[in-house]
Each structure stands twice: as C-alpha cells, then as structure tokens.
Undergrad: 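I have a structure here, written as structure tokens, and I will follow up with some questions on it.
Protein chains get the first letters and strands the later ones, always in sequence-line order, with residue 1 at the start of each.
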Amino acid sequence: MAHEQLRRSSRRLTYRASCPGNAITFAHMNDIVLALQQEVAAAIAQLCGQSIDPSKVQINPTVSEFKGDYTAVLFPFVKLAQKAPEALGAEVGERLLRETTYVKSYNIAKGFLNLELKEHFWHELLQEVLATPGYGRHPRRGECVLVEYSSPNTNKPLHLGHVRNCLLGWSCSQILDAAGYDVIKVQIINDRGVAICKSMLAWQKFGQGRTPQTEGLKGDHFVGDYYVLFEQKTQEEYAAWQQTPEAQALYEAHRKPEQSQKEFFKEYKNRWFNEHSRLGAEVRDLLLRWEAGDPDTLALWRQMNSWVYEGFEATYAQLGVCFDKNYYESDTYLLGKNIVEEGLQKGVFFKKADGSVWIDLSDAGYDQKVVLRADGTSVYITQDMGTARMRYEDFGCQRMVYVVADEQNYHFAVLFETLRRLGEPYAEGLYHLSYGLVELPTGRMKTREGTVVDADDLIAEVLQLARQQAAERGSSIEGPEAEENIRRIAMGALKFFMIRVHPKRRMVFNPEESVDLQGQTGPYIQYSWVRIHGLMQRAEREGIQLSAAAQYTSLEPQEKELLKALREYPSVVLTAAQEYDPSHVANYAYQLAKNYHRLWHDLPIFNAPSPEVRAFRLQLSRAVAQTLEAALHLLGIEMPQRM
RNA sequence: GGUCCCGUAGCUCAAGGGAUAGAGCAACUGCCUUCUAAGCAGUCGGUUACAGGUUCGAAUCCUGUCGGGAUCACCA
C-alpha cells in the first residue's frame, strides 16, 4: 500500500475558527504581564482620553542591552496620544512608579519603556511557583477533546513515520489535558483489505505452520516478513511472466515510443497484477472470502492480526503511549451509509445517473467527491463520516483532532467541509494536526527499496548509543537502576528530537548520525534536572533550612532570567494547546534548562556566600526542576535519577 | 496545469509585527583541587530564496517570481 499512514488537513480550519477554548485565556493570578498591560493601558487611556484594550499593549522581557526587566512597546500609541515616544514613555513611567507597588525604575529608549521591578516581586513569583501544585496546569474546562493518532496498518511493523505520529499525538494529548480539556486518545487500526490478505496468503502458502514463537520474532515483524515475502514472490512471478510470448506481444503492442522494455513493465505492473497474476487472483479471492465471512479465512485473519497487535503493544509500551479506545476498520468500513441517506434528503449530496452519490464542493475550492459507489459500497470518506459520528456518540466530544501526515491534507479538508455542510454538531471542532513526513537524507522512505527505518530498530539503536555513552562516562550505578536510567535518557533523546521541530515541517532524519545526546537535546534538559536532584538530596541530608530565602535582596541577572522563564510556563502550555504544537513546550524546556546550566556555572548554589542566598538558590532550583519535569512530562519524557 | 505547504548560518532547527535574527551540530580555542564537564565560555559562520508593497518598525502580513514537497482515485 502506497500510504502507510492512512489519514490527513487544511489550515483553513484555523484554530480561531474551530476552537471555542481560545476565548478562555487563563493565566495564573497576579501575572506581571497582565498587570503591566492593564496599568500601561490605563495610563495611556488617561493621557488620550479614550479607553485602550490592555491586550493590545505589548509587554516583552527587556533585551539584555538595556536596564530593566520588562518592556512596554509604546509605538502603537504615539499617534493616539499625540506625543513624542519619549514624552509618552516618561508620563507612563511616572504613573507606574506612582500607582503600582512593583515598579522600581524605568528608562526609555525610543518607543520602548523599560521597567525594572522591585525585589519583592521576584520573591512572590518564586513562592507562587513553588506553592502552586501542578504549576502550569490550567483549570478543568469540562470540555472533551478526542485525539486520534498512530493509525497503523496490520500488515507490517511500525516505522519512523509512526514514531513521529505517536509522539506528536501523545504529547498533544498531554498538553490539551494540561490546558484543562478532558482528552480521549484513540487509534484507528486498518486491519482489513488487500494488504493484510497478502501477508495471510504468503503465510498460508509458505509459512508451514510457523509462528512468532517458533521463530523467536515479534509478531508484527513476523507478519511483516510474510508481506515482504509476498512482494518477493510476486516480483518473481512477474519476472517470469515477462519472458512469455504473451508479455512480449503486449510490450510490442502497447509500448510508447522510445520506451524500454524495463520501463514499460514497471508501468504495467499494477495492471498485470490485476489481470494476469496468479498470486493477484489468489489475494483477491482471499479478500472476497474475508468479506463473505468465511470462517477459516476469518480465523487466519484474527490469528495474524493478534500477532501484530502483540508486537504493536510492545512498541507502544517502549514509546510510552497508549489509547483509551481502539477503533478497527473492520468494524467501521461499512459505516456512514445512513449519513449519505441523510445528506441526500438534506440536499447536501446528489445522485448521479449510475446511482453513485456525490458532494459538490467546487464553491469551496474543492472538487466533486464521491461519497457512495454506484454499487452502494462505502469509500474512504464515507467511513470517516461514519466514524466521526460514532465517536461523537461514544464520547460527546465537541472537538476531534486527527494526527495524520500532511499527504492527506486534501482528504481532511474535504471531510471536514462535508461534515460541516451536513450540520454535524462537532463539525466546527474538527482539526487535522497535519505533520510533515520524516525523510531520510536520500529522500522518502520506500518499502520497495528497503529504506524504511523500523521503529523497534530505531529504539534499539538509540538505547545502544545511550548505553555506550554511559559506559564511556564510567557510570557510578549498575544493575536495573542503571538500565532504567539509560532507557529514560535514550527515549528522552529520541522524543525530544522528534518533538522539537514544528509539526508542519518535514524533517530529515539521518540514521548515520543517529540521535545526539549532547547539545540541544532531551538529555541536556534531563541533566539540568539531575543536577538539581542531586542538590536537593544533599539539602535534605544536611537538613538545610530554606526559609531564609526572602532575606536575599540583590538578585543576580541569571536568577531573574530563570524566574522570568518560570513565569512563562503556563502560557507556553496554553499556546501549545491552542496551536496543537508540542514543539513550543520542547523549545521552552530547552531554554529553561539552558538558563539553569548557566546559573549553575556562574553562581555557587550550595556554596553560596550566605545562608539566605543559598536558601534562595535552592528554592529557585527546586522550582526549575519542578517545571522542567512537568514540561518534559507533557512530551512523554521521564527524568533519570542520575547521569 | 489547479490547490495547499515549505524556503532562515555548511547541516539540523528557533524567533507572539518590535530594539544588533538566535541555539545546537560540525571546525578551532579555553574552563574540572569548589554543588555531576551529557556542562560553561569564546572564535568562525546571515543581503532570512528573489523583487515589489503595507507599517514608526517585516524573517513574520500582502502581491508576484524562482526553487522544493504534497495533493488533485468509485485506494485506503
């Protein structure tokens, strides 16, 4: 099957249009940016005599070249206030000094009003982070979101593309959960059709009763091997057929000018398979028997699929993903016909002379699409309509997210538009989380060329790399704990590598270089956590009191940077949820870890010059560790105890 | 050909319309007798594909051009 990952969207369904949650912008209380926005808006409003929307006031962290912590951008208001930027800044700055309890000083550079905050603000911020259980998690909204991801075929093992799909789907689910939604995770398993019949037939003919157990193979690989074997045998049959007089005659009769025999037969293969191949005929026969419910065929089908599921479960367990419900194409492939009937009655669909049913989306920039064949059987989109409604009936989710590669953008655009015209109640909440294919440096992965990167192989390789690096470092721990640490590091590296790039981007994976463990990586972030973990253990051992922290008054820039980063976390989660984009969380965690590594290097923590500085830095470290752990948890990355 | 997506350092990627476009990798150079060097710091590397436009301000928004990809099945 040409498309391993059966599913797809369009950006025309923008978040804003489809997401009612967008209106709720929860931020934790006393947020400094919200407060500054309001104060600045009020100050400008007073100056120019008309009300200003606080959300239009842009507040940024001050760039390092200037003195200050946060900067209000005043350019947009100079015309309104009819003052020079500097004068406007001075008036707003003075008012902030007067009216607020937290602004210590200000300075103006062009239209930028740089604000320096008083020390007590930083202490309060730190205490709030520490005192908020699940800091960064948002209140429950009582709204349900269903996320579909993975969507495997049962004729072969999972590959690199599925890994990206699973990691995106999982992290997106975690992020939506943290943003306050009730998330249902599902997969649709493509368990029927020609592909699995090929594996079945090959096993029947050549398997000689072998099983995954007798061969010592994972079930999905075992079944996949028969799929490959089928393709090999077919190729052999085709090669032999090409030598026959019948084939030669066809070539002479139908060749295009200048077309070589090789090119001709390459093009002719599908037709040959359908019209001449003995194996092709047998597969079609098997599929017919499956559809007729032949008991032997169904028994074989169940047997082979159960082998595959065992294998999938093992891979999912390695990836740390799971599902609340599985949907099977064998259950859903006949669905949607009643919807077609409704659509005809509503006049959304129309019937052609041959009896096939269509929808005309040309006014929306799409084509006419068939939704039911002339013989009354379903097509892909019919099933998807049926499945969508089934899910809505199962869970009542107003929003459903499909994590599917971008090659299916058109399909999902059409599906969503169709459901909208049918007036389905969840239609506005449909979203296709469309991600770019993972490519190799040589281009797209191709089954036929044997360039598919297998998921299990990939995981094994990264594990091996992490093990090797741990050995080189002369790890201080051994046994099961060491192995668990290595597993977390390896998977952390793999997951961060896949998630940190924007979903929509195609990404290139170079198996030669594998996955880095240094630099901008998962282990880099884990390492900063491990450092803190070590400090905390020591603090506990030595019974260090942390209550003196508030006595510390002259904060270092490195400390403020960390606190500013901590403040951002809840809004990062929200943005990631709104945009269905886990890469925001990944890049945030990296920034936070980077800031911490710098502080670690620049400033003594345990050996700080005074007990209150030590207490403050330990508390700050704890807040960073807590936030890093929470952020990585959203990506499915666990922390090793030691590195 | 129509539609959609993408084009940022040699490579892999960041950057809510905001100040001098940032990281990592690769190459070179420093830093372990102080909390773990899977770390830190430095050097090198950019006309953000190109041309216009909008704006106080554009990698970001608009138009066009060029380049890459996907898709345009009564396949799933």
Side-chain angles (χ1 to χ4, degrees), chain A residues 1-12 58 60 62-63 65-66 71 73 75-76 78-79 85 109-112 114 151 153 190 192-195 329 333 352 354 356-358 365-367 369-375 377-384 405-411 413 434 436-437 439 441 444 466 469-470 472-473 476 489 493 497 500-502 504-510 513 516-524 526-528 530-535 538-539 571 575 583 587 590-591 594 597-598 600-608 614 617-618 621 642-643:
Chain A
M1 198 99 329
H3 303 128
E4 261 80 53
Q5 302 151 33
L6 302 179
R7 285 185 156 250
R8 328 154 198 233
S9 151
S10 163
R11 275 264 145 173
R12 44 179 48 246
Q58 199 179 339
N60 301 331
T62 303
V63 294
E65 288 77 8
F66 295 93
T71 296
V73 183
F75 288 110
V78 293
K79 217 176 252 175
K110 293 181 285 180
F112 297 103
N114 302 318
S151 326
N153 287 355
N190 301 288
R192 62 167 286 278
V194 184
E329 201 204 347
Y333 83 112
K352 287 197 177 175
D354 65 356
S356 58
V357 181
W358 296 71
Y366 309 120
D367 298 318
K369 288 294 287 190
V370 70
V371 293
L372 200 68
R373 294 192 185 98
D375 64 5
T377 56
S378 301
V379 293
Y380 185 40
I381 198 165
T382 329
Q383 291 176 44
D384 273 348
D406 61 9
E407 54 190 1
Q408 298 201 40
N409 284 355
Y410 186 73
H411 170 76
S434 161
L437 292 175
E439 293 185 354
R444 223 171 143 158
Q469 294 239 358
E472 282 170 15
R473 291 191 163 79
S476 58
I489 292 164
F497 178 85
R500 68 175 251 260
V501 340
H502 191 286
K504 218 160 55 167
R505 258 183 110 107
R506 273 181 303 157
M507 63 184 291
V508 177
F509 177 77
N510 189 344
E513 295 171 4
D516 281 331
L517 302 177
Q518 276 101 34
Q520 193 174 5
T521 66
Y524 176 95
Q526 290 170 324
Y527 185 54
S528 58
V530 166
R531 281 178 148 176
I532 298 171
H533 183 62
L535 285 183
R538 184 174 162 194
S571 64
T575 304
S583 71
N587 287 311
Y590 173 71
Q591 275 310 324
K594 190 171 169 59
H597 279 308
R598 182 176 295 143
W600 175 285
H601 177 265
D602 291 352
L603 304 171
I605 298 169
F606 225 96
N607 304 324
R614 176 169 68 183
R617 287 180 187 161
L618 283 172
S621 298
R642 288 209 212 161
M643 292 177 79

Undergrad: Can you name the closest pair of heavy atoms from A/R614 and A/I605 and give their distance?
TA: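 Result for this residue pair: CG-O, 3.5 Å.
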Undergrad: Which is true for A/P76 with a 4.0 Å heavy-atom rule: it touches a base, it touches only sugar-phosphate, or it touches nothing?
TA: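 Since a base atom lies under 4.0 Å of A/P76, the category is base.
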Undergrad: Indicate, yes or no, whether a donor-acceptor pair under 3.5 Å links the base of B/A19 to the side chain of A/T71.
TA: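 Side chain to base: pair found, below 3.5 Å.
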Undergrad: Have a look at A/L372 and say if it touches a base, only the backbone sugar-phosphate, or nothing, with a 4.0 Å heavy-atom cut-off.
TA: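 Touches nothing.
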Undergrad: Starting at the 5' end of RNA chain B and moving along, which residue's nearest nucleotide shows up first, A/D375 or A/P523?
TA: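 Going by which nucleotide is closer to the 5' end, it is A/P523.
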Undergrad: Is it true that the NZ or CZ of A/R538 lies under 6.0 Å from the centre of A/F606's six-membered ring and within 45 degrees of the ring axis?
TA: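 Yes; both conditions hold, so A/R538 lies above the ring face of A/F606.
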Undergrad: If you look at every strand shown and take non-hydrogen atoms under 4.0 Å, does A/Q591 touch a base, only sugar-phosphate, or nothing?
TA: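 Nothing, no nucleic acid heavy atom in range.
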Undergrad: Using the P atom in both, what is the distance from B/C6 to B/U63, to the nearest Å?
TA: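 Straight-line distance between the two P atoms is 13 Å.
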Undergrad: Could you tell me how far B/C50 sits from B/U60 if I compare only their P atoms? Round to whole Å.
TA: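 Result for the P pair: 11 Å, nearest Å.
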Undergrad: With C1' as the reference atom in both, quote the distance from B/U8 to B/A58 in angstrom, rounded to an integer.
TA: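 These two C1' atoms come out 14 Å apart once rounded.
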Undergrad: What interatomic distance, in whole Å, is found between P of B/G10 and the corresponding atom of B/A73?
TA: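 Approximately 40 Å lies between the P atom of B/A73 and that of B/G10.
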Undergrad: Within the 3.5 Å criterion, strictly below it, is a donor on A/N409 or A/S434 matched to an acceptor on the partner's side chain?
TA: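 Looking only at side-chain atoms, A/S434 and A/N409 do form a donor-acceptor pair, the distance falling under 3.5 Å.
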Undergrad: Quick one: which of B/G24, B/U71, B/C35 gets closest to the side chain of A/R538?
TA: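 Closest nucleotide to the A/R538 side chain: B/C35.
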Undergrad: Output yes if the stacking criterion (under 5.5 Å between centres, under 30° between planes) is met for A/Y410 over the base of B/A70, else no.
TA: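 No, aromatic ring not over the base.
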Undergrad: Between P on B/A38 and NE2 on A/H533, what's the gap in Å once rounded to a whole number?
TA: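 Atom NE2 in A/H533 sits about 17 Å away from atom P in B/A38.
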Undergrad: Rounded to whole Å, how long is the line connecting atom CG of A/D516 with atom P of B/A23?
TA: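 Atom CG in A/D516 sits about 18 Å away from atom P in B/A23.
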Undergrad: How many Å lie between CZ on A/R506 and P on B/U71, as a whole number?
TA: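 Rounded to whole Å, this separation is 12 Å.
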Undergrad: Under a 4.5 Å cut-off applied to non-hydrogen side-chain atoms, are A/D367 and A/Y410 in contact?
TA: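 Yes. Closest side-chain heavy atoms under 4.5 Å.
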Undergrad: Quick one: label A/L603 by what it contacts on the DNA or RNA (base, sugar-phosphate, nothing), any heavy atom closer than 4.0 Å.
TA: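 Contact class for A/L603: base.
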Undergrad: How far does the C1' atom of B/U12 sit from the matching atom of B/A26, given to the nearest Å?
TA: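 To the nearest whole Å, 11 Å.
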Undergrad: Under 4.0 angstrom, heavy atoms only, what part of the nucleic acid is A/V508 near: base, sugar-phosphate, or nothing?
TA: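 A/V508: backbone/sugar contact only, no base atoms under 4.0 Å.
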Undergrad: Roughly how many Å apart are B/U43 and B/U3, using the C1' atom of each and rounding to a whole number?
TA: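 48 Å, rounded to whole Å.
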Undergrad: Between B/A59 and B/A15, how far apart are the C1' atoms? Round to whole Å, please.
TA: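 Roughly 9 Å separates the two C1' atoms.
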Undergrad: Is any N or O donor-acceptor pair between the side chain of A/D602 and the base of B/A41 shorter than 3.5 Å?
TA: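 Answer no: no donor N or O sits under 3.5 Å from an acceptor.
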Undergrad: Check the distance between B/G68's C1' and A/M507's CE and give it to me in whole angstrom.
TA: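 That distance rounds to 18 Å.
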Undergrad: With respect to A/E439, which candidate in A/R444, A/R506, A/R505 satisfies the salt bridge (charged side-chain N to carboxylate O under 4.0 Å, His left out) definition?
TA: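 Checked A/R444, A/R506, A/R505 against A/E439; only one passes salt bridge (charged side-chain N to carboxylate O under 4.0 Å, His left out): A/R506.
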Undergrad: Write down the distance separating the C1' atoms in B/A27 and B/C44, rounded off to the nearest Å.
TA: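 About 8 Å, rounded to a whole number of Å.
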Undergrad: With a cut-off of less than 4.0 Å, is there a side-chain N or O of A/R505 near OP1 or OP2 of B/C5?
TA: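 Answer no for this pair, as no side-chain N or O of A/R505 is under 4.0 Å from OP1 or OP2.
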Undergrad: How should the glycosidic conformation of B/C31 be described, syn or anti, under the criterion that syn lies within 90° of 0?
TA: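 B/C31: anti.
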Undergrad: Looking for any heavy atom pair under 4.0 Å, which part of the strands does A/K110 touch: base, sugar-phosphate only, or nothing?
TA: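 No contact.
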Undergrad: Counting the atoms with a prime plus P, OP1 and OP2 as sugar-phosphate, which does A/Q58 contact under 4.0 Å by heavy atoms, base, sugar-phosphate, or nothing?
TA: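 Base: the residue A/Q58, judged by heavy atoms under 4.0 Å, touches a nucleobase.
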Undergrad: Verify side chain to side chain contact (heavy atoms under 4.5 Å, CB included) between A/H411 and A/D384, making sure each step is shown before the conclusion.
TA: CA-CA 10 Å; A/H411 170 76; A/D384 273 348; 2.7 Å; yes
Undergrad: Phosphate oxygens OP1/OP2 of B/C6: is one of them under 4.0 Å from a side-chain N or O of A/K504?
TA: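 So the side chain of A/K504 is within the cut-off, an N or O lying under 4.0 Å from OP1 or OP2 of B/C6.
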Undergrad: Rounded to whole angstrom units, what separation is found between the CD atom of A/E439 and the C1' atom of B/C5?
TA: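 Spelled out: CD on A/E439 to C1' on B/C5 is 13 Å.
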Undergrad: Taking any heavy-atom pair under 4.0 Å as a contact, classify A/Y524: base, sugar-phosphate, or nothing.
TA: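 The answer is sugar-phosphate, as A/Y524 gets under 4.0 Å only of primed atoms, P, OP1 or OP2.
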Undergrad: If we require ring centres under 5.5 Å and near-parallel planes under 30°, does A/F112 stack on B/G18?
TA: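 Whether judged by distance or by angle, A/F112 falls short somewhere, so it does not stack on the base of B/G18.
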Undergrad: Give the dot-bracket string for RNA chain B, reading 5' to 3', where a pair is Watson-Crick or G-U wobble with both distances under 3.5 Å, ( ) marks pairs inside the strand, [ ] marks pairs crossing earlier ones, | marks a partner on another strand, and . marks unpaired.
TA: (((((((..((((....[...)))).(((((.......))))).....(((((..]....))))))))))))....
Undergrad: Please determine, for the side chain of A/H502, which listed nucleotide (B/A14, B/C4, B/G39) has the closest atom?
TA: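 Of the candidates, B/A14 comes closest.
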Undergrad: So what does A/D367 hit on the nucleic acid, given a heavy-atom distance under 4.0 Å: a base, only sugar-phosphate, or nothing?
TA: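 It contacts sugar-phosphate atoms only.
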Undergrad: Write down the distance between CZ (A/R531) and P (B/A38), rounded to a whole number of angstrom.
TA: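 About 8 Å, once rounded to whole Å.
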Undergrad: What is the distance, rounded to the nearest whole Å, between atom NE2 of A/H601 and atom C1' of B/U34?
TA: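 To the nearest whole Å, that distance equals 12 Å.
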Undergrad: In whole Å, what is the span from the CD atom of A/Q520 to the P atom of B/G39?
TA: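 Spelled out: CD on A/Q520 to P on B/G39 is 12 Å.
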Undergrad: Can you tell me if A/W600 is stacked onto the base of B/G39, using a 5.5 Å centroid cut-off and an angle below 30°?
TA: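 No.
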Undergrad: Indicate, with a heavy-atom threshold strictly under 4.0 Å, whether A/F497 touches base, sugar-phosphate, or nothing.
TA: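 Result for A/F497 = nothing.
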Undergrad: What about A/D354, does its side chain sit under 3.5 Å from the base of B/C74 through a donor-acceptor pair?
TA: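 Yes.
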